[in-house]
Number of protein chains: 2
Amino acid sequence: MPLTRLRPIEHLSQVDKIELRLQEYFRNEEFNPGDPLPKEMEIAKALGVSRTAVREAISRFKMLGIIESRRNRGMVIRRPDVLRNMQRVMDPRLLDGDTMKDIFEMRLVVELGLAHILFRRKTPEFIEKLESIARTEDGTTDRIDLLKLDVDFHSALYQMSGNETIIRFQRMLMPIFDFVDSVILQKPRINQPLNIATHWDLIEELKGGTPTGFMHKMESHLWYFFEKI
Amino acid sequence: MPLTRLRPIEHLSQVDKIELRLQEYFRNEEFNPGDPLPKEMEIAKALGVSRTAVREAISRFKMLGIIESRRNRGMVIRRPDVLRNMQRVMDPRLLDGDTMKDIFEMRLVVELGLAHILFRRKTPEFIEKLESIARTEDGTTDRIDLLKLDVDFHSALYQMSGNETIIRFQRMLMPIFDFVDSVILQKPRINQPLNIATHWDLIEELKGGTPTGFMHKMESHLWYFFEKI
DNA sequence: TTTTTATATATGTCGTACATATGTCATAAT
DNA sequence: ATTATGACATATGTACGACATATATAAAAA
């Protein structure tokens with residue numbers, strides 16, 4: 001019997017329904033940050049539910065950062081932090097393998113696409129920072145330390161982009177990177193091409209080369225991960 | 001007087017504190033999806049607070065999708081949807097201009113970095129889809145329609161990446177794109193270079209060219225936006 | 001006018017009661 | 001022995017009332 005096509009009745013709790021109503025209310029009323037909201041009791045009355053249920057629903061929006069409330073002043077719409085909510089659930093234990101692979105791949109995509117921005121925003125100070133890291137690498141043999149320095153190098157690149165969202169995006173994804181790294185390291189090594197680009201190559205290109213050349217080198221540099229995925 | 005450096009005491013409500021406690025509890029106990037949580041009353045007792053307050057805090061985690069609860073069965077840890085929470089606050093009215101600019105720039109970065117993935121995942125069917133859109137464009141003069149088709153073309157590229165997270169990421173950002181587009185269109189036009197790459201050029205490169213070549217063309221194609229930002 | 005005091009008000013917290021769904025288990029029907 | 005039926009326990013869901021607490025506003029005192 002094809003009972004699979006029989007989707008179960010959506011069993012929403014009162015609070016769930018209130019949440020939905022509020023969501024559409026916020027959209028339709030075109031609230032802007034700073035705008036005051038009706039009082040809890042007014043909302044409860046208007047919806048015909050208890051204040052308790054309304055507060056539970058409101059509490060959810062506080063989690064998203066859309067609502068802020070102060071004693072006696074009432075509640076107001078807030079400017080939410082886009083990445084904060086994503087960050088909260090960015091836990092390798094909670095996500096499935098496919099999603100993490102997708103996220104990791106997205107990191108590679110971003111890093112490759114960063115080239116242009118970097119050439120626009122590069123400064124002697126940033127270059128010096130990169131060279132400093134690369135020099136430290138040259139004097140390091142411990143594998144764990146090298147892995148850490150590698151993260152530092154790439155973090156510095158993100159930093160150079162000057163794009164706060166991208167920077168935070170990378171920082172947010174760190175737990176995933178660590179996880180995927182550890183998984184990848186367990187796989188058998190594959191034969192790398194000999195002409196793989198180093199951090200020094202990237203710096204060189206950044207100093208006197210072109211965005212396209214940089215992308216090419218970055219592609220070579222990240223090739224290892226691309227192959228593994 | 002430099003009183004600006006004197007940060008106010010963090011005045012967290014009871015529920016806020018409970019939220020924090022639960023968050024660290026979840027991390028430390030290493031919960032996995034499906035794991036059962038203690039009962040509301042047990043949590044309330046353990047924290048020395050009322051069940052009401054616990055429920056308000058729990059409700060917040062339900063918003064994130066980390067917790068699910070059913071009557072008499074108790075509460076369990078859920079696998080959250082990483083992008084859902086970001087999606088919920090992706091409202092041009094709620095975000096500030098700088099953040100939106102950053103997000104828009106990130107879109108450009110992703111689109112540029114996509115080249116490699118596309119060359120790995122391209123199929124005749126996807127190419128045909130792109131050509132179909134480009135053909136429709138050739139027979140269209142209305143500006144609004146063309147803008148829509150442009151979105152379609154780029155959406156198809158994302159689709160071709162096969163990366164669900166990236167695809168959803170792009171879809172999620174649509175409201176922002178629309179907003180930034182409308183802002184950009186109001187600015188005075190700047191003189192475009194004559195050799196700007198068209199959609200046909202991109203298709204051509206995708207069919208018989210190289211990832212690097214594609215990136216180059218894409219860069220040229222998106223040049224307009226890069227200049228504006 | 002300035003300062004102090006009182007008061008109203010909206011959110012924050014708590015306890016209790018009851019509703020509702022669901023798992024458990026004993027009992028009755030087949 | 002197996003299957004239905006029904007009683008009961010249990011955990012979440014909803015509601016209400018009470019009081020605490022902070023804060024804006026108005027009234028009173030300096």
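All heavy atoms count here, side chains included; hydrogens, waters and symmetry mates do not. All chains are named by letter (A, B, ...) in the order of the sequence lines, taking the proteins before the strands, and each is independently numbered beginning at 1. Fair warning: this is a prediction, and the values are worked out from it, not measured in the lab.
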Provide, to the nearest angstrom, the distance between the CD atom belonging to A:Glu40 and the P atom belonging to D:dA15.
-> 15 Å

Have B:His199 and B:Asp150 got a donor and an acceptor in their side chains that come within less than 3.5 Å?
-> yes

To the nearest Å, how far apart are B:Glu56 CD and D:dT12 C1'?
-> 16 Å

May I ask you to say what A:Arg55 touches in the nucleic acid, namely base, sugar-phosphate or nothing, with a heavy-atom cut-off under 4.0 Å?
-> base

Contact nearer the 5' end of DNA chain D, comparing A:Val49 with A:Asn72 | A:Val49

Scan B:Ser13 against the nucleic acid and name what it touches under 4.0 Å (heavy atoms): base, sugar-phosphate only, or nothing.
-> sugar-phosphate

Just checking B:Ser69: base, sugar-phosphate only, or nothing, at a heavy-atom cut-off of under 4.0 Å?
-> sugar-phosphate

Any donor-acceptor pair under 3.5 Å from B:Asp102 side chain to A:Glu164 backbone | yes

When the distance from NE2 of A:His11 to P of D:dT12 is rounded to whole Å, what number comes out?
-> 16 Å

Grab the NZ-C1' distance between A:Lys62 and C:dA10 for me, whole Å please.
-> 11 Å

Between A:Arg73 and A:Ser50, just flag the one whose closest nucleotide in DNA chain D comes earlier from the 5' side.
-> A:Ser50

Base, sugar-phosphate, or nothing: which does B:Met75 touch, judged by heavy atoms less than 4.0 Å apart?
-> sugar-phosphate

Between A:Glu19 and B:Arg88, does at least one N-O distance fall below 4.0 Å, as a salt bridge requires?
-> yes

Is there a donor-acceptor contact under 3.5 Å from the side chain of B:Thr140 to the main chain of B:Thr136?
-> yes

Integer-rounded Å distance: C:dG23 P and B:Lys39 NZ | 15 Å

Any donor-acceptor N/O pair under 3.5 Å between D:dT21 base and A:Arg71 side chain | yes

Heavy atoms only: give me the nearest B:Leu12-B:Lys17 pair and the separation to one decimal.
-> O-CE, 3.4 Å

So does B:Gln14 get a side-chain nitrogen or oxygen closer than 4.0 Å to the phosphate oxygens (OP1/OP2) of C:dC14?
-> yes

Just how far, in rounded Å, is P of D:dG13 from CE of B:Met41?
-> 15 Å

Report the distance from atom CG of A:Asp16 to atom P of D:dT14, rounded to the nearest whole Å.
-> 8 Å

Base D:dG13 paired with B:Arg51 side chain (donor-acceptor, <3.5 Å) = yes

In whole angstroms, the gap separating P of C:dG12 from CD of B:Glu19 amounts to 13 Å

